[in-house]
Amino acid sequence: MKSSATLDGVAEAAATAAAPVSADFHRLGLAGCIDRLTVPLRRQGTCVHWETPHHGLEIPAGCATLLYRSAQEALDNAFRHAHATDVTVRLTAVFHGIRLTVADNGKGFGKRSAGHTGSGNSSFPEAADGGRHGLRTMSTEVQEAGGTVAISSEPGTGTEVTVTIPLD
């Protein structure tokens with residue numbers, strides 16, 4: 001891969017992750033908006049798979065925004081840190097809620113930094129710059145909405161981020 005293409009992709013991903021939510025949920029739906037976030041991954045050659053329900057599910061705007069931001073963080077991490085070649089994005093209706101799962105086959109990280117964020121007392125994977133702000137912020141926002149975040153990862157096997165939001 002050429003370094004200029006890599007730098008352009010990183011800059012684009014960073015801009016996408018930092019951009020305010022400008023998702024057009026009415027026109028594209030939640031899945032369509034999240035799919036737009038996968039463009040930097042696809043450009044670098046990452047294969048992106050989608051698993052979504054075949055029936056329409058009405059998601060309140062606040063929940064859709066939270067799921068979108070969560071996908072934004074997980075996909076940005078897959079792009080910037082994991083060097084994944086394969087990513088699966090899954091939206092699933094669950095009992096009284098909706099679940100977003102973003103799984104990649106990237107570098108992963110060790111148990112020492114892995115975390116399950118349901119209680120808010122767990123650790124988070126450390127970014128290259130030493131930061132963990134994105135995952136902490138995502139976890140806090142999801143918990144404030146009554147949801148949960150689970151992060152599963154092992155070195156060399158990738159990472160799976162699961163966000164579940166109640167719809168009641």
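Taking 4.5 Å as the limit, every side-chain heavy atom of Cys47 sits out of range of all side-chain heavy atoms of Val87. Residues Arg99 and Thr162 form a side-chain contact, since some pair of their non-hydrogen atoms from C-beta on lies under 4.5 Å apart. Between His96 and Pro166 there is no side-chain heavy-atom pair separated by less than 4.5 Å. Inter-residue side-chain proximity for Phe79 and Thr38 is flagged as unmet; no heavy-atom pair is nearer than 4.5 Å. Here the side chains of Thr164 and Ile98 are not in contact, with every heavy-atom distance at 4.5 Å or above. Taking 4.5 Å as the limit, some side-chain heavy atom of Leu41 sits within range of a side-chain heavy atom of Leu75.
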*Begin from the C-alpha positions of Val161 and Glu73 and carry the test side-chain contact (heavy atoms from CB on, under 4.5 Å) through to its verdict.*
CA-CA 10 Å; Val161 176; Glu73 178 64 25; over 6 Å; no

*Using the side-chain contact (heavy atoms from CB on, under 4.5 Å) rule, take Val89 and Ile34 through it: C-alpha gap first, then chi angles, then the decisive distance, then the call.*
CA-CA 9 Å; Val89 180; Ile34 292 172; 4.1 Å; yes

*Take Val142 and Leu66 through the test side-chain contact (heavy atoms from CB on, under 4.5 Å) and record every step on the way to the result.*
CA-CA 7 Å; Val142 169; Leu66 188 52; 4.1 Å; yes

*Could you walk me through whether Glu141 and Arg69 pass the side-chain contact (heavy atoms from CB on, under 4.5 Å) test, one step at a time?*
CA-CA 10 Å; Glu141 290 176 356; Arg69 287 182 180 163; 4.1 Å; yes

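Atom CD of Glu58 and atom CG of Leu30 lie 13.0 Å apart (nearest 0.5 Å). One distance of note links CG of Leu91 with CG of Leu67; it measures 7.0 Å at 0.5 Å rounding. The structure places OG1 of Thr88 at 9.0 Å from CG of Asp104, a figure rounded to the nearest 0.5 Å.
The backbone N or O of Glu160 lies less than 3.5 Å from no partner atom in the side chain of Ser152, so there is not a single donor-acceptor pair. Panel note: side chain Asn105, backbone Thr85; a donor-acceptor pair is recorded below 3.5 Å. The main-chain N or O of Ala84 is found under 3.5 Å from a side-chain atom of Thr46 such that the two form a donor-acceptor pair.
Residue pairs satisfying the salt bridge (charged side-chain N to carboxylate O under 4.0 Å, His left out) criterion with at least one member in residues 85-97, sequence neighbours excluded, are listed as follows: Glu51-Arg90.
Among residues two or more places apart in sequence or in another chain, the side-chain hydrogen bond (donor to acceptor under 3.5 Å, both in side chains) test is passed with Thr92 by none. Residues satisfying the side-chain contact (heavy atoms from CB on, under 4.5 Å) criterion with Leu28, sequence neighbours excluded, are Cys33, Arg36.
Among all heavy-atom pairs drawn from Ser153 and Gly158, the shortest one is OG-O, 2.9 Å. Heavy atoms only, all atoms of each residue included: Val102 and Ala74 are closest at CB-CB, 3.8 Å.
Thr140 and Glu144 share no donor-acceptor pair across their side chains, judged by distance under 3.5 Å alone. A donor-acceptor pair shorter than 3.5 Å cannot be found between the side chains of Asn77 and Thr159.
Note on Trp50 and Leu37: same hydrophobic cluster, where clusters join Ile, Leu, Val, Met, Phe, Trp and Tyr whose side-chain heavy atoms are under 4.5 Å apart, directly or indirectly. Linking Ile, Leu, Val, Met, Phe, Trp and Tyr residues whenever their side-chain heavy atoms come within less than 4.5 Å leaves Val94 and Val149 in two separate clusters.
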